[in-house]
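Here is the structure we will look at, set down as C-alpha coordinates.
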Amino acid sequence: MEKGTTSSGGEAEAQYFCKDFHWEDLRAEVEANPSYAYHFESASSSSSSTPPESDVLAWKQFHLRHASGTFFKERRYLLKEFPELLSSPPNSKLLEVGCGNGSTALPILRANKDLTVYVCDCSDETLERAKEIISDASTSFQYRFRTFCCDISTNGFPTWLACYPCRDKFLQKQSYCLSDVREGNGLHFTNTYPSEDECCVGGVDFITLIFTLSAVPLDRMPKSVKECFFVLKPGGMVFFRDYGLYDMTMLRFEQDKRVGFREYMRSDGTRSYFFCLDAVRNLFLGAGFTELELEYCCVKSINRQKGKCMQRVWVHGKFQKPALRNE
(Lines give C-alpha, C1' and ligand atoms only; values in the text may rest on other atoms or scores of the structure.)
Protein backbone atom coordinates (compact mmCIF):
# COMPACT_ATOMS: atom_id res chain seq x y z
CA MET A 1 0.00 0.00 0.00
CA GLU A 2 1.41 3.41 -0.95
CA LYS A 3 1.82 6.60 0.99
CA GLY A 4 -1.41 8.54 1.38
CA THR A 5 -3.69 5.52 1.65
CA THR A 6 -5.31 4.47 4.88
CA SER A 7 -6.97 1.16 4.12
CA SER A 8 -5.38 -2.19 4.90
CA GLY A 9 -5.45 -5.91 4.15
CA GLY A 10 -7.52 -7.44 1.38
CA GLU A 11 -9.63 -4.32 1.00
CA ALA A 12 -6.55 -2.32 0.09
CA GLU A 13 -5.52 -4.90 -2.51
CA ALA A 14 -8.96 -4.78 -4.11
CA GLN A 15 -8.78 -1.01 -4.40
CA TYR A 16 -5.66 -1.16 -6.55
CA PHE A 17 -7.41 -3.07 -9.30
CA CYS A 18 -10.52 -1.00 -9.82
CA LYS A 19 -10.92 2.10 -11.94
CA ASP A 20 -12.74 4.41 -9.57
CA PHE A 21 -12.79 7.32 -12.00
CA HIS A 22 -11.70 8.24 -15.51
CA TRP A 23 -8.37 10.01 -15.88
CA GLU A 24 -9.76 12.23 -18.65
CA ASP A 25 -12.48 13.51 -16.28
CA LEU A 26 -9.88 14.34 -13.64
CA ARG A 27 -7.74 16.10 -16.22
CA ALA A 28 -10.64 18.30 -17.31
CA GLU A 29 -11.47 19.13 -13.71
CA VAL A 30 -7.88 20.03 -12.80
CA GLU A 31 -7.13 22.08 -15.90
CA ALA A 32 -10.35 24.07 -15.46
CA ASN A 33 -9.37 25.04 -11.91
CA PRO A 34 -7.40 28.34 -11.95
CA SER A 35 -5.74 27.53 -8.61
CA TYR A 36 -3.81 24.74 -10.35
CA ALA A 37 -2.68 26.87 -13.31
CA TYR A 38 0.94 27.16 -12.11
CA HIS A 39 1.41 23.41 -12.52
CA PHE A 40 1.19 23.82 -16.29
CA GLU A 41 3.39 26.88 -16.73
CA SER A 42 6.76 26.60 -18.44
CA ALA A 43 9.52 25.84 -16.00
CA SER A 44 12.65 27.98 -16.18
CA SER A 45 14.85 25.93 -13.84
CA SER A 46 16.60 22.72 -14.84
CA SER A 47 16.62 19.49 -12.86
CA SER A 48 20.30 19.03 -13.72
CA SER A 49 21.18 22.01 -11.50
CA THR A 50 21.17 19.71 -8.45
CA PRO A 51 24.34 17.61 -8.09
CA PRO A 52 23.76 13.84 -7.97
CA GLU A 53 25.37 13.72 -4.51
CA SER A 54 22.63 15.98 -3.16
CA ASP A 55 19.90 13.71 -4.49
CA VAL A 56 21.54 10.64 -2.96
CA LEU A 57 22.00 12.35 0.41
CA ALA A 58 18.38 13.49 0.48
CA TRP A 59 17.10 9.94 -0.04
CA LYS A 60 19.53 8.53 2.52
CA GLN A 61 18.20 10.95 5.11
CA PHE A 62 14.63 10.19 4.07
CA HIS A 63 15.05 6.47 4.68
CA LEU A 64 16.85 7.06 7.98
CA ARG A 65 13.86 9.07 9.19
CA HIS A 66 11.52 6.23 8.22
CA ALA A 67 13.73 3.31 9.26
CA SER A 68 11.16 1.81 11.62
CA GLY A 69 9.62 -0.28 8.83
CA THR A 70 6.11 1.02 9.53
CA PHE A 71 6.16 3.80 6.94
CA PHE A 72 6.12 1.47 3.92
CA LYS A 73 3.82 -1.54 3.75
CA GLU A 74 4.36 -4.72 1.78
CA ARG A 75 3.28 -4.22 -1.82
CA ARG A 76 1.37 -7.48 -2.14
CA TYR A 77 -0.83 -6.01 -4.85
CA LEU A 78 2.12 -6.23 -7.26
CA LEU A 79 1.68 -10.00 -7.43
CA LYS A 80 -1.73 -9.44 -9.00
CA GLU A 81 -0.58 -6.58 -11.19
CA PHE A 82 2.37 -8.61 -12.48
CA PRO A 83 1.47 -12.33 -12.29
CA GLU A 84 4.66 -13.23 -14.16
CA LEU A 85 6.41 -12.85 -10.81
CA LEU A 86 4.50 -15.88 -9.56
CA SER A 87 5.07 -18.17 -12.54
CA SER A 88 8.69 -17.56 -13.47
CA PRO A 89 10.86 -20.46 -14.72
CA PRO A 90 13.15 -22.12 -12.16
CA ASN A 91 16.33 -20.22 -11.32
CA SER A 92 14.98 -16.94 -12.66
CA LYS A 93 16.51 -13.67 -11.47
CA LEU A 94 14.73 -10.48 -10.56
CA LEU A 95 16.40 -7.09 -10.15
CA GLU A 96 14.62 -4.46 -8.10
CA VAL A 97 15.87 -0.93 -8.70
CA GLY A 98 15.47 1.34 -5.69
CA CYS A 99 14.49 -1.22 -3.10
CA GLY A 100 13.98 1.03 -0.07
CA ASN A 101 13.23 -1.13 2.96
CA GLY A 102 12.30 -4.19 0.90
CA SER A 103 8.54 -3.64 0.72
CA THR A 104 8.49 -4.86 -2.90
CA ALA A 105 10.98 -7.71 -2.54
CA LEU A 106 9.45 -9.30 0.55
CA PRO A 107 6.07 -10.35 -0.88
CA ILE A 108 7.81 -11.62 -4.02
CA LEU A 109 10.20 -13.77 -1.97
CA ARG A 110 7.25 -15.15 -0.01
CA ALA A 111 5.29 -16.06 -3.13
CA ASN A 112 7.99 -17.43 -5.46
CA LYS A 113 10.56 -19.80 -4.00
CA ASP A 114 12.28 -20.31 -7.36
CA LEU A 115 13.23 -16.66 -7.79
CA THR A 116 16.51 -15.02 -6.75
CA VAL A 117 16.05 -11.33 -6.01
CA TYR A 118 18.84 -8.81 -6.52
CA VAL A 119 18.12 -5.34 -5.15
CA CYS A 120 19.95 -2.04 -5.32
CA ASP A 121 19.60 1.33 -3.71
CA CYS A 122 21.71 4.47 -3.52
CA SER A 123 21.97 4.18 0.27
CA ASP A 124 24.06 1.59 2.12
CA GLU A 125 22.07 2.28 5.28
CA THR A 126 18.82 1.57 3.47
CA LEU A 127 20.17 -1.72 2.13
CA GLU A 128 21.22 -2.82 5.62
CA ARG A 129 17.73 -2.09 6.89
CA ALA A 130 16.21 -4.03 4.00
CA LYS A 131 18.40 -7.04 4.81
CA GLU A 132 17.29 -6.91 8.43
CA ILE A 133 13.60 -6.84 7.47
CA ILE A 134 13.98 -9.69 4.97
CA SER A 135 15.98 -11.80 7.44
CA ASP A 136 13.46 -11.17 10.23
CA ALA A 137 10.66 -12.36 7.94
CA SER A 138 12.42 -15.66 7.23
CA THR A 139 16.06 -16.70 7.54
CA SER A 140 15.65 -18.78 4.38
CA PHE A 141 15.09 -15.63 2.30
CA GLN A 142 18.63 -14.39 2.82
CA TYR A 143 19.94 -17.06 0.44
CA ARG A 144 17.79 -15.66 -2.37
CA PHE A 145 18.13 -11.97 -1.52
CA ARG A 146 21.23 -10.10 -2.72
CA THR A 147 21.90 -6.39 -2.21
CA PHE A 148 24.31 -3.91 -3.76
CA CYS A 149 24.67 -0.13 -3.59
CA CYS A 150 24.16 1.63 -6.92
CA ASP A 151 22.85 4.87 -8.40
CA ILE A 152 22.03 3.83 -11.95
CA SER A 153 21.27 7.39 -13.03
CA THR A 154 24.94 8.31 -12.70
CA ASN A 155 27.13 5.19 -12.53
CA GLY A 156 25.10 2.42 -14.17
CA PHE A 157 24.91 -1.19 -13.04
CA PRO A 158 28.06 -3.09 -12.03
CA THR A 159 29.54 -5.42 -14.62
CA TRP A 160 29.19 -8.47 -12.35
CA LEU A 161 25.44 -8.25 -13.00
CA ALA A 162 25.99 -8.42 -16.75
CA CYS A 163 29.50 -8.02 -18.12
CA TYR A 164 30.11 -6.08 -21.33
CA PRO A 165 30.71 -9.17 -23.52
CA CYS A 166 27.44 -10.66 -22.29
CA ARG A 167 25.61 -7.39 -22.85
CA ASP A 168 26.87 -7.41 -26.44
CA LYS A 169 25.76 -11.00 -26.89
CA PHE A 170 22.31 -10.09 -25.59
CA LEU A 171 22.01 -7.95 -28.71
CA GLN A 172 23.09 -10.65 -31.15
CA LYS A 173 20.81 -13.06 -32.96
CA GLN A 174 21.82 -15.94 -30.73
CA SER A 175 22.19 -15.34 -27.02
CA TYR A 176 25.16 -17.10 -25.49
CA CYS A 177 27.13 -16.39 -22.35
CA LEU A 178 29.11 -18.23 -19.75
CA SER A 179 26.25 -18.26 -17.27
CA ASP A 180 23.97 -20.01 -19.79
CA VAL A 181 26.58 -22.72 -20.33
CA ARG A 182 27.00 -23.29 -16.62
CA GLU A 183 23.24 -23.46 -16.06
CA GLY A 184 23.06 -26.11 -18.76
CA ASN A 185 25.61 -28.13 -16.79
CA GLY A 186 23.58 -27.80 -13.63
CA LEU A 187 25.73 -25.04 -12.13
CA HIS A 188 23.50 -22.04 -11.51
CA PHE A 189 24.03 -18.44 -10.46
CA THR A 190 21.01 -18.61 -8.18
CA ASN A 191 22.20 -17.91 -4.65
CA THR A 192 25.44 -15.94 -4.89
CA TYR A 193 27.53 -13.44 -6.76
CA PRO A 194 29.81 -14.75 -9.54
CA SER A 195 32.97 -16.55 -8.47
CA GLU A 196 36.42 -15.69 -9.75
CA ASP A 197 36.12 -17.86 -12.87
CA GLU A 198 32.69 -16.56 -13.83
CA CYS A 199 32.25 -13.43 -15.91
CA CYS A 200 28.95 -12.31 -14.32
CA VAL A 201 25.57 -13.59 -13.16
CA GLY A 202 24.41 -13.55 -16.77
CA GLY A 203 21.87 -10.74 -16.61
CA VAL A 204 18.36 -10.85 -15.13
CA ASP A 205 14.96 -12.08 -16.31
CA PHE A 206 12.82 -9.38 -14.67
CA ILE A 207 13.27 -5.83 -13.41
CA THR A 208 10.92 -3.91 -11.13
CA LEU A 209 10.83 -0.12 -11.20
CA ILE A 210 8.29 0.65 -8.49
CA PHE A 211 8.06 4.33 -7.52
CA THR A 212 11.74 4.73 -8.35
CA LEU A 213 12.06 6.50 -11.69
CA SER A 214 10.04 9.50 -10.48
CA ALA A 215 12.79 10.17 -7.92
CA VAL A 216 15.43 10.44 -10.67
CA PRO A 217 16.02 13.89 -12.23
CA LEU A 218 14.28 14.10 -15.58
CA ASP A 219 17.49 14.58 -17.56
CA ARG A 220 18.93 11.35 -16.13
CA MET A 221 15.88 9.15 -16.72
CA PRO A 222 16.83 7.99 -20.27
CA LYS A 223 20.19 6.68 -19.02
CA SER A 224 18.48 4.86 -16.15
CA VAL A 225 16.02 3.07 -18.43
CA LYS A 226 18.77 2.21 -20.91
CA GLU A 227 20.80 0.65 -18.10
CA CYS A 228 17.84 -1.62 -17.37
CA PHE A 229 17.76 -2.63 -21.03
CA PHE A 230 21.47 -3.54 -20.98
CA VAL A 231 21.31 -5.99 -18.05
CA LEU A 232 18.00 -7.60 -18.99
CA LYS A 233 18.09 -10.88 -20.87
CA PRO A 234 16.42 -11.00 -24.30
CA GLY A 235 12.70 -11.59 -23.76
CA GLY A 236 12.95 -10.28 -20.19
CA MET A 237 10.42 -7.82 -18.81
CA VAL A 238 10.34 -4.60 -16.81
CA PHE A 239 7.43 -4.03 -14.44
CA PHE A 240 6.77 -0.33 -13.90
CA ARG A 241 4.57 1.58 -11.48
CA ASP A 242 4.95 5.23 -10.57
CA TYR A 243 3.19 8.52 -9.97
CA GLY A 244 0.79 9.67 -12.68
CA LEU A 245 -0.10 13.11 -13.95
CA TYR A 246 -2.75 14.90 -11.82
CA ASP A 247 -2.19 12.63 -8.85
CA MET A 248 -3.33 14.19 -5.58
CA THR A 249 0.25 14.55 -4.36
CA MET A 250 1.19 16.57 -7.45
CA LEU A 251 -1.63 19.03 -6.88
CA ARG A 252 -0.56 19.51 -3.27
CA PHE A 253 2.86 20.85 -4.25
CA GLU A 254 3.14 24.63 -3.94
CA GLN A 255 4.51 26.73 -6.77
CA ASP A 256 7.92 27.23 -5.18
CA LYS A 257 8.47 23.46 -5.10
CA ARG A 258 8.56 23.17 -8.88
CA VAL A 259 12.03 22.44 -10.25
CA GLY A 260 10.95 21.55 -13.78
CA PHE A 261 7.92 20.68 -15.88
CA ARG A 262 5.87 18.19 -13.83
CA GLU A 263 8.90 17.87 -11.56
CA TYR A 264 8.92 18.92 -7.91
CA MET A 265 11.26 18.94 -4.92
CA ARG A 266 10.04 18.40 -1.38
CA SER A 267 11.36 20.41 1.55
CA ASP A 268 13.61 17.48 2.51
CA GLY A 269 15.39 17.58 -0.86
CA THR A 270 13.75 14.48 -2.38
CA ARG A 271 12.15 14.97 -5.75
CA SER A 272 9.17 13.58 -7.61
CA TYR A 273 8.12 13.58 -11.26
CA PHE A 274 4.57 12.88 -12.42
CA PHE A 275 4.28 10.84 -15.60
CA CYS A 276 1.85 10.95 -18.46
CA LEU A 277 1.59 7.82 -20.58
CA ASP A 278 3.50 9.33 -23.50
CA ALA A 279 6.45 10.24 -21.27
CA VAL A 280 6.75 6.66 -20.03
CA ARG A 281 6.26 5.26 -23.52
CA ASN A 282 8.95 7.49 -25.01
CA LEU A 283 11.47 6.56 -22.32
CA PHE A 284 11.07 2.81 -22.73
CA LEU A 285 10.61 2.63 -26.49
CA GLY A 286 13.55 4.99 -26.87
CA ALA A 287 15.69 2.52 -24.92
CA GLY A 288 14.68 -0.37 -27.20
CA PHE A 289 11.80 -1.96 -25.27
CA THR A 290 8.47 -3.03 -26.70
CA GLU A 291 5.28 -2.00 -24.91
CA LEU A 292 3.06 -4.74 -23.50
CA GLU A 293 0.84 -2.76 -21.12
CA LEU A 294 0.56 0.93 -20.29
CA GLU A 295 -2.34 2.63 -18.56
CA TYR A 296 -3.41 4.94 -15.75
CA CYS A 297 -4.57 3.40 -12.50
CA CYS A 298 -7.10 5.79 -10.95
CA VAL A 299 -8.12 5.03 -7.38
CA LYS A 300 -10.14 6.84 -4.75
CA SER A 301 -8.51 6.42 -1.36
CA ILE A 302 -10.55 7.21 1.72
CA ASN A 303 -9.01 8.77 4.82
CA ARG A 304 -11.53 7.64 7.39
CA GLN A 305 -10.08 9.75 10.19
CA LYS A 306 -10.39 13.00 8.27
CA GLY A 307 -13.35 11.94 6.15
CA LYS A 308 -11.58 12.90 2.94
CA CYS A 309 -11.57 11.23 -0.45
CA MET A 310 -8.24 11.38 -2.27
CA GLN A 311 -7.91 10.81 -6.00
CA ARG A 312 -4.72 8.87 -6.66
CA VAL A 313 -3.23 8.39 -10.12
CA TRP A 314 -0.49 5.91 -10.89
CA VAL A 315 0.98 4.69 -14.15
CA HIS A 316 1.08 0.92 -14.65
CA GLY A 317 3.41 -0.40 -17.32
CA LYS A 318 4.90 -3.62 -18.59
CA PHE A 319 7.72 -3.59 -21.15
CA GLN A 320 9.74 -6.33 -22.79
CA LYS A 321 13.20 -6.56 -24.26
CA PRO A 322 12.83 -8.09 -27.73
CA ALA A 323 13.58 -11.80 -27.82
CA LEU A 324 16.44 -12.90 -30.04
CA ARG A 325 15.61 -14.90 -33.13
CA ASN A 326 17.72 -17.82 -34.27
CA GLU A 327 18.14 -18.25 -37.98
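The analysis underlying the following values was restricted to heavy atoms, covering all of them including side chains, and did not include hydrogens, waters or symmetry mates. Residues take their numbers from the sequence shown, with the count starting at 1.
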Next on the checklist: Assess whether a salt bridge exists between D247 and R312, defined as any Lys/Arg side-chain N lying under 4.0 Å from an Asp/Glu carboxylate O.
Outcome noted: yes
Next on the checklist: For L209, is there any backbone N or O sitting under 3.5 Å from a side-chain donor or acceptor partner on T212?
Outcome noted: no
Next on the checklist: Measuring from atom CZ of R241 to atom OH of Y77, what distance do you get when rounded to the nearest 0.5 angstrom?
Outcome noted: 5.0 Å
Next on the checklist: Contact between S88 and D205 at the side-chain level, heavy atoms closer than 4.5 Å - yes or no?
Outcome noted: no
Checklist entry - Just how far is it from atom CG of D242 to atom CH2 of W314, taken to the nearest 0.5 Å? => result 11.5 Å
Checklist outcome for this item: From the list E81, E293, E291, salt bridge (charged side-chain N to carboxylate O under 4.0 Å, His left out) with K318 holds only for E293
Item to check | Test side-chain contact (heavy atoms from CB on, under 4.5 Å) applied to I134 and Q142, step by step | outcome: CA-CA 7 Å; I134 297 298; Q142 60 185 313; 5.8 Å; no
Next on the checklist: Determine whether a donor-acceptor pair (N or O, by modelled atom type, separation under 3.5 Å) exists between the side chain of S135 and the backbone of I133.
Outcome noted: no
Next on the checklist: Can you tell me how far apart CG (L95) and OG1 (T116) are? Round to the nearest 0.5 Å.
Outcome noted: 12.5 Å
Checklist entry - What distance separates E263 CD from D219 CG, expressed to the nearest 0.5 Å? => result 7.5 Å
Checklist outcome for this item: When Q311, E29, E31 are each screened for side chain to side chain donor-acceptor pair (under 3.5 Å) with Y246, the one that passes is E31
Checklist entry - Are any side-chain N or O atoms of R258 and backbone N or O atoms of Y38, one a donor and one an acceptor, separated by less than 3.5 Å? => result yes
Next on the checklist: Would you say NZ of K257 has more than 12 non-hydrogen atoms from neighbouring residues, nucleotides or ligands within 6.0 angstrom?
Outcome noted: yes
Checklist entry - What's the verdict on side-chain contact (heavy atoms from CB on, under 4.5 Å) for L251 and F274, showing C-alpha distance, side-chain angles and the deciding distance? => result CA-CA 10 Å; L251 303 178; F274 294 84; over 6 Å; no
Next on the checklist: Could you go through C99 and L127, starting from their C-alpha distance and side-chain angles, then the distance that decides it, and tell me whether this counts as side-chain contact (heavy atoms from CB on, under 4.5 Å)?
Outcome noted: CA-CA 8 Å; C99 68; L127 291 170; 3.6 Å; yes
Item to check | Any side-chain heavy-atom pair of L79 and I108 under 4.5 Å | outcome: yes
Item to check | Distance, nearest 0.5 Å, that separates NE2 of H39 from CD of E41 | outcome: 10.0 Å
Item to check | Residues, nucleotides or ligands: over 12 heavy atoms within 6.0 Å of R252 CZ | outcome: no
Item to check | Min side-chain heavy-atom separation P217-Y273 under 4.5 Å | outcome: no
Next on the checklist: Could you check whether any side-chain heavy atom of S301 comes within less than 4.5 Å of a side-chain heavy atom of M248, counting everything from C-beta outward?
Outcome noted: no
Checklist entry - For the side chain of D20 and the backbone of K300, is there at least one donor-acceptor N/O pair under 3.5 Å apart? => result yes
Item to check | Same apolar cluster: Y164 and I152, side chain cutoff 4.5 Å | outcome: no
Item to check | Distance (rounded to the nearest 0.5 Å) between F289 CZ and L283 CG | outcome: 11.0 Å
Checklist entry - Any donor-acceptor pair under 3.5 Å linking the side chain of S224 with the backbone of R220? => result yes
Checklist entry - Is there a side-chain contact between V201 and Y118 (heavy atoms, below 4.5 Å)? => result yes
Next on the checklist: Quick one, I207 with V231, criterion side-chain contact (heavy atoms from CB on, under 4.5 Å). Give me CA distance, side-chain angles, the key distance, then yes/no.
Outcome noted: CA-CA 9 Å; I207 294 177; V231 301; 4.0 Å; yes
Checklist entry - Stepwise, does the side chain to side chain donor-acceptor pair (under 3.5 Å) test hold for S123 with D121? => result CA-CA 5 Å; S123 167; D121 202 281; 5.0 Å; no
Checklist entry - Are the ring centres of F206 and F239 closer than 6.0 Å? => result yes
Next on the checklist: For a 4.5 angstrom cut-off between non-hydrogen side-chain atoms, does V97 reach C120?
Outcome noted: yes
Next on the checklist: Tell me whether E128 is salt-bridged to K131, with the criterion being a basic N under 4.0 Å from an acidic carboxylate O.
Outcome noted: yes
Item to check | Test item: S214 side-chain N/O and Y243 main-chain N/O as donor-acceptor pair under 3.5 Å | outcome: no
Checklist entry - Is the NZ or CZ atom of K226 both under 6.0 Å from the centre of the six-membered ring of F229 and within 45° of that ring's axis? => result yes
Checklist entry - Quick one: does Y296's side chain have a donor or acceptor within less than 3.5 Å of a partner on L277's backbone? => result yes
Checklist entry - Is the closest side-chain heavy-atom distance between L245 and W23 below 4.5 Å? => result yes
Next on the checklist: Tell me if a side-chain donor or acceptor on R75 pairs with a main-chain N or O of P107 at a distance below 3.5 Å.
Outcome noted: no
Checklist entry - Side chains of F275 and R262: closer than 4.5 Å at any heavy-atom pair? => result no
Checklist entry - Parallel under 30°, tilted from 30 to 60°, perpendicular over 60°: which one fits the rings of F240 and F284? => result perpendicular
